[in-house]
Engineer: 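Sharing a structure with you now.
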Protein chains: 2
Amino acid sequence: MSRSDTFAESKNKYARYLAKNGLRSTAQRDLIINEFFKSEGHVTAEELHLKLRGKNSSIGLATVYRTLKTLESAGLAHERQFNDGFMRYEFCAPGYRHHDHIVCLECGLVEEFENNEIENLQIKVANKHNFTITDHRLELYGVCERCKSKTA
Amino acid sequence: MSRSDTFAESKNKYARYLAKNGLRSTAQRDLIINEFFKSEGHVTAEELHLKLRGKNSSIGLATVYRTLKTLESAGLAHERQFNDGFMRYEFCAPGYRHHDHIVCLECGLVEEFENNEIENLQIKVANKHNFTITDHRLELYGVCERCKSKTA
DNA sequence: TTCGGTGCAAACTTTTTGCAGAGTA
DNA sequence: TACTCTGCAAAAAGTTTGCACCGAA
């Protein structure tokens, strides 16, 4: 599935969500959603707001926050916190696979990975504790290749 | 290793750390550290502050924050954020084994687990991405046994 | 006596909320 | 028209900082 297919699919899903919940489509929302769907990785509300400001639209920061919360409820965005004090939002289209993150503590690079063996072990652990898992969070923190060679 | 052995060892390590870094031992610090070492699990500064207030000491919240940061630098506490907006501090004595957390989203119960298979797989993943891992974070979120039966 | 620690209040940071006016259906 | 959305500014909420005084070494 290509990235743009997923965008299209998500926009449809978003439109359907709006319709079903009596929410309106507005100029601001469409711009925010467009920008959000275009951004790679893990954006903060502030970053998104800045990008939109750059295109001389005058969208308020509060609106960006509100829209991201809306997307989260719609299941199109996922909230994540790496330990830097910001809430980040990640594109989370239907059909997009779950993945985890490996974060460089020096330059902030975030790479994504998938590992089914780990996921299966997590389920085993949950069973042992009699928990039913609905979500999880796995982040590896360290130093990336570039930063290692810079220091060496 | 029993819990109290670990306390003793940590207090020594703390004292050594203070000496080495020209920091002073004060009545407030000793009380905070004592209370922190006694608390199970994952405390917030506010919680610790409340516990100390209960024992009619008049320690300021800012001092609790400052002391926890000091403990973190000393390697005796570990900062953790579960997604509830609070920074939590966890006892992290030398000799204490690393563990991860499984969190109930209904009642807030946090259990700890260790799984070497998962840890090994994490190292494999990091190698594949040419990262050197220094830390990681794994949290499973779901519903615990009690809450499941309550709902059923 | 020196200098780090403390308490208090104010400042800061990120996110949320109240409200009056604008825009959608 | 009815009612939601938006922008702004103010409020929240958690944490940090400035400053004058206190106290450990």
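So you know, we letter chains A, B, ... as the sequences are listed, proteins then strands, and number each from 1.
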Engineer: My understanding is that only residues two or more places apart in sequence, or in another chain, count here; which of them pass side-chain contact (heavy atoms from CB on, under 4.5 Å) with T26(A)?
Structural biologist: R24(A), Q28(A), R29(A)
Engineer: Measure CG/L68(B) against C1'/dG14(D) and give the value in whole Å, please.
Structural biologist: 14 Å
Engineer: What residues, two or more places apart in sequence or in another chain, satisfy side-chain contact (heavy atoms from CB on, under 4.5 Å) together with S73(B)?
Structural biologist: Y17(B)
Engineer: Would you please name every residue forming a side-chain contact (heavy atoms from CB on, under 4.5 Å) with E112(A), sequence neighbours left out?
Structural biologist: H42(A), E90(A), H99(A), H101(A)
Engineer: To the nearest 10 degrees, what angle separates the axes at the start and end of the helix from dT1(C)-dA25(D) to dA25(C)-dT1(D), five pairs each?
Structural biologist: 30°
Engineer: Which hydrophobic side chains are connected to I123(B), either touching it within the sub-4.5 Å cutoff or through other members that do?
Structural biologist: none
Engineer: Can you list everything that forms a ring pair (Phe, Tyr, Trp, His ring centres under 6.0 Å) with H129(B)? Sequence neighbours excluded, please.
Structural biologist: none
Engineer: Using whole Å, report how far CD of E47(B) lies from P of dG14(D).
Structural biologist: 11 Å
Engineer: side-chain contact (heavy atoms from CB on, under 4.5 Å) with D135(A): which residues, sequence neighbours excluded?
Structural biologist: H78(A), Y141(B)
Engineer: Give me the other members of the hydrophobic cluster that L61(B) sits in, counting Ile, Leu, Val, Met, Phe, Trp and Tyr linked by side-chain heavy atoms under 4.5 Å, directly or via other members.
Structural biologist: Y65(B)
Engineer: Under 4.0 Å from a heavy atom of chain A: give me the 5'-most and 3'-most nucleotides of DNA chain C that qualify.
Structural biologist: dT14(C) to dA25(C)
Engineer: Apart from V125(B) itself, what residues make up its hydrophobic cluster when side-chain heavy atoms of I, L, V, M, F, W and Y under 4.5 Å apart count as a link, directly or indirectly?
Structural biologist: I102(A), L109(A), F113(A), I118(A), L121(A), V125(A), F131(A), I133(A), L138(A), L140(A), I102(B), L109(B), F113(B), I118(B), L121(B), F131(B), I133(B), L138(B), L140(B)
Engineer: If you assign D84(A) and G60(B) each to the DNA chain C nucleotide with the nearest heavy atom, which residue ends up on the more 5' nucleotide?
Structural biologist: G60(B)
Engineer: Among Ile, Leu, Val, Met, Phe, Trp and Tyr joined by side-chain contacts under 4.5 Å, find the other residues sharing a cluster with F86(B) and list them by chain and number.
Structural biologist: none
Engineer: For each nucleotide in nucleotides 15-25 of chain D, reading 5' to 3', give B when a protein heavy atom comes within less than 4.0 Å of its base, S when such contact involves only the sugar-phosphate, and - otherwise.
Structural biologist: BBBB----BB-
Engineer: Determine the sole option in E139(A), H136(A), E111(A) for which the side chain to side chain contact (heavy atoms under 4.5 Å, CB included) test with D100(A) is passed.
Structural biologist: H136(A)
